[in-house]
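One structure is given here, and the rest of the page talks about it.
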Protein chains: 2
Amino acid sequence: MESNTAVSALAALAQESRLAVFRLLVQNGPIGLTAGVIGEQLGLPAPTLSFHLKNLAQAGLVSAVQEGRFVRYRAEITAIHALVAFLTENCCGGDLNRCRPNESNP
Amino acid sequence: MESNTAVSALAALAQESRLAVFRLLVQNGPIGLTAGVIGEQLGLPAPTLSFHLKNLAQAGLVSAVQEGRFVRYRAEITAIHALVAFLTENCCGGDLNRCRPNESNP
DNA sequence: CTAAGACTTCGATAATGTTGGAAACATGGA
DNA sequence: TCCATGTTTCCAACATTATCGAAGTCTTAG
């Protein structure tokens with residue numbers, strides 16, 4: 001993963017509404033939710049939600065699939081895993097024995 | 001973890017320089033680095049670095065300890081773990097069997 | 001006590017992100 | 001075809017953040 005990709009993903013999540021949208025989608029797993037339902041659940045005006053969903057999609061955190069008049073959104077869990085791997089890359093110089101010597105290791 | 005805390009942490013990491021600082025600190029584990037060394041390694045002017053380090057510290061992602069004239073910074077790995085837990089909280093409604101049915105589960 | 005070094009705060013400027021109403025754009029049903 | 005519904009684009013006001021020079025604080029050495 002490149003630094004720019006990580007920054008985009010983190011920036012996408014670093015906003016109250018988008019974070020709420022993402023978490024809601026995570027909770028709905030592979031079933032996902034349509035834009036309208038998301039807006040209803042979170043009380044967001046349609047243009048605002050659309051703006052945020054686009055942002056999340058561009059960051060690769062959610063996927064969008066057209067279903068007739070609806071658009072179904074799903075969380076991309078693998079994106080989060082990749083992000084965490086990037087953040088903790090080469091943790092403690094790669095030597096996990098040196099990682100937090102006086103604390104429990106993960 | 002509260003939503004505000006998560007947003008703060010994500011916003012702190014959602015910036016090229018701060019992300020680089022954090023990753024550098026992660027790689028140096030419990031040993032950490034002084035502000036001067038970080039600035040030298042990343043080529044950041046002192047005021048800019050100070051601004052970013054303060055931001056990271058306020059978000060709980062790094063800790064700062066005064067050592068004489070120096071200030072030693074360390075990454076707070078547990079903050080990342082808490083953040084990930086918050087992001088994936090109640091994933092797929094808590095039923096992991098429903099999580100990505102056609103893909104490998106984590 | 002003075003000076004030099006490490007780091008932070010101040011302050012001004014520039015750039016970027018957020019919000020939501022109005023209007024436009026699809027899509028499917030009557 | 002025409003209408004109702006779901007979603008997006010446009011736009012303008014507003015709010016937040018990034019940058020770094022200059023000046024300030026704090027600490028140790030001489």
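Each chain gets a letter, A, B and so on, in the order the sequences are listed, and its residues count up from 1.
B:Gln15 has a side-chain polar atom (N or O) that falls below the 4.0 Å cut-off from OP1 or OP2 of D:dT19. At the phosphate of D:dT19, OP1 or OP2 sits under 4.0 Å from a side-chain N or O atom of B:His52.
Residues forming a side chain to side chain donor-acceptor pair (under 3.5 Å) with B:Arg69 (at least two apart in sequence, or on another chain): none. A search for side chain to side chain donor-acceptor pair (under 3.5 Å) contacts involving A:Ser3 returns B:Glu16, not counting sequence neighbours. Remark: B:Gln41 engages no residue in a side chain to side chain donor-acceptor pair (under 3.5 Å) (not counting sequence neighbours). For B:Ser63, the side chain to side chain contact (heavy atoms under 4.5 Å, CB included) test picks out B:Arg74, B:Glu76, with sequence neighbours left out.
Both A:Leu25 and A:Leu42 belong to a common hydrophobic cluster when Ile, Leu, Val, Met, Phe, Trp and Tyr are linked at side-chain heavy-atom distances under 4.5 angstrom.
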When you compare the protein's N or O atoms with those of nucleotides 6-14 of chain D, which come within less than 3.5 Å of each other, and at what distance?
{"from": "D:dT7", "atom 1": "OP1", "to": "A:Ala35", "atom 2": "N", "distance (Å)": "3.4"}
{"from": "D:dT7", "atom 1": "OP1", "to": "A:Val71", "atom 2": "N", "distance (Å)": "3.3"}
{"from": "D:dT7", "atom 1": "OP2", "to": "A:Gly36", "atom 2": "N", "distance (Å)": "2.5"}
{"from": "D:dT8", "atom 1": "OP1", "to": "A:Tyr73", "atom 2": "OH", "distance (Å)": "2.6"}
{"from": "D:dT8", "atom 1": "OP2", "to": "A:Ser50", "atom 2": "OG", "distance (Å)": "3.2"}
{"from": "D:dT8", "atom 1": "O5'", "to": "A:Ser50", "atom 2": "OG", "distance (Å)": "3.2"}

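Distance CG (B:Leu10) to C1' (C:dG17): 16 Å, rounded to an integer number of Å.
Of the residues in residues 18-25 of chain A, those placing a heavy atom less than 4.0 Å from an atom of DNA chain C are A:Arg18, in numerical order.
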Item to check | Pair B:Arg72-B:Ile31, side-chain contact (heavy atoms from CB on, under 4.5 Å): steps then yes or no | outcome: CA-CA 9 Å; B:Arg72 181 169 298 272; B:Ile31 298 171; 4.2 Å; yes

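A 4.5 Å side-chain heavy-atom check between B:Phe22 and B:Gln15 finds every atom pair outside the cut-off.
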